[in-house]
There are 2 protein chains.
Amino acid sequence: MDRPPADPYQRDCPSRQVLDRIGDRWTVLVVGALSDGPLRFSQLAARIDGVSQKMLTQTLRALERDGLVTRTIYPQVPPRVEYELTEAGVTLQEPLQALENWAKTHMPTILTARQQYDAALPAVNTP
Amino acid sequence: MDRPPADPYQRDCPSRQVLDRIGDRWTVLVVGALSDGPLRFSQLAARIDGVSQKMLTQTLRALERDGLVTRTIYPQVPPRVEYELTEAGVTLQEPLQALENWAKTHMPTILTARQQYDAALPAVNTP
DNA sequence: CGGTATCCCGTCCGATACTG
DNA sequence: CAGTATCGGACGGGATACCG
């Protein structure tokens, strides 16, 4: 194989860019929300609590650009736009699901660890 | 079970915080770098290309706070500090590995999709 | 060696207003 | 309904300097 090794530990490795995409807050949630089937823009917005219209649009555009989501416009009045995971998007959904499950499973442990860590700190800001 | 459902789609769900931690650029890489065994601070810095001292410290502190990494100081001159994944940290390493593999596998496809998407755009900034 | 403290700039992102 | 455009505050994160 003559392709350069995909080593994310190197600054300029393209897989860094991929990880950066995953890195943003909303990508994981959007992909998760679409895992049950296509949804309209407004349905996504309703399902994902706290996302702004701007961020939802931005995230969806990025996913579309990466070929992970398709955007279908139904020429009606009022317009209807549906988003759906592509084949590649579905494959992403699997590792993300694993991550989400890990988060759900270990969340209590982590929260406890945080409290202990914070409790052991010198009491700053307590005059 | 009387614990509230861990639904990341709700704004105030604690698992959002967990996903946010994963979300930062360096956590994934640090955990990956530690998967082969404990490393010193300088070794981590050398291994992860592009990370600043500040960010490495910050990431390690966050991981330590969450109980995913232990920090061991060997009282010597000059000092030596080693970081190692905890049991919980090792369990995280697994889903992250899956994500990293996904990134490596689908990176070429994504890069191609991006080029096509960008090429299809109206030529902005070309007066 | 392994940090902490400070400065400072870029970007993220929410709020708001407007359009097809 | 599903966006785009613009503004502005918050914050991430790099560079630098200094400490135990």
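Within every chain, numbering begins at 1; the chains are lettered A, B, ... in the order of the sequence lines, protein sequences first and strands thereafter. Worth saying up front: this structure is predicted, and the values here are computed from it rather than measured.
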**Item:** Reported OG1-to-CD distance for the pair Thr72(A) and Glu82(A), which is rounded to 0.5 angstrom
**Value:** 7.0 Å

**Asked** For Glu87(B), does the CD atom have more than 12 heavy-atom neighbours from other residues, nucleotides or ligands under 6.0 Å away?
**Response** no

**Request:** Working to the nearest 0.5 Å, report the span between CD of Gln93(A) and CG of Leu68(A).
**Result:** 12.0 Å

**Asked** Counting only non-hydrogen atoms, which of residues 70-82 of chain A are less than 4.0 Å from DNA chain C?
**Response** Pro79(A)

**Item:** Euclidean distance, atom CG of residue Asp24(A) to atom C1' of dC13(C) [Å, nearest integer]
**Value:** 11 Å

**Request:** Apply the test side chain to side chain contact (heavy atoms under 4.5 Å, CB included) to residues Glu84(B) and Leu34(B): give CA-CA distance (whole Å), side-chain angles for both, the deciding distance (0.1 Å), then the verdict.
**Result:** CA-CA 6 Å; Glu84(B) 185 170 14; Leu34(B) 287 175; over 6 Å; no

**Asked** Under 4.0 Å: is that the gap between some side-chain N or O of Arg61(B) and OP1 or OP2 of dG3(C)?
**Response** yes

**Asked** If you round to the nearest 0.5 Å, how far is OH of Tyr117(A) from CZ of Arg65(B)?
**Response** 8.0 Å

**Request:** Using whole Å, report how far CG of Leu56(B) lies from C1' of dG12(D).
**Result:** 16 Å

**Asked** Whole-Å distance between dC18(D) P and Gln53(B) CD?
**Response** 15 Å

**Fill in**
In whole angstroms, the gap separating C1' of dT6(D) from NZ of Lys54(A) amounts to 9 Å

**Rounded distance [0.5 Å steps], NZ in Lys104(B) versus CG in Asn101(B)** = 6.5 Å

**Prompt:** Which of residues 26-52 of chain A have a heavy atom under 4.0 Å from DNA chain C?
**Reply:** Trp26(A), Ser52(A)

**Asked** Step by step, would you call Leu60(A) with Phe41(A) a side chain to side chain contact (heavy atoms under 4.5 Å, CB included)?
**Response** CA-CA 9 Å; Leu60(A) 287 168; Phe41(A) 186 88; 3.9 Å; yes

**Prompt:** Does CD belonging to Glu94(A) count more than 12 external heavy atoms closer than 6.0 Å?
**Reply:** no

**Message:** To the nearest 0.5 Å, what is the distance between CD on Glu64(A) and OG1 on Thr86(A)?
**Reply:** 10.5 Å

**Asked** What is the distance, rounded to the nearest whole Å, between atom CE of Met55(B) and atom C1' of dA15(D)?
**Response** 12 Å

**Euclidean distance, atom CD of residue Gln58(A) to atom C1' of dA2(D) [Å, nearest integer]** = 16 Å

**Message:** Rounding to an integer number of Å, can you tell me how far Arg25(A) CZ sits from dG14(C) C1'?
**Reply:** 11 Å

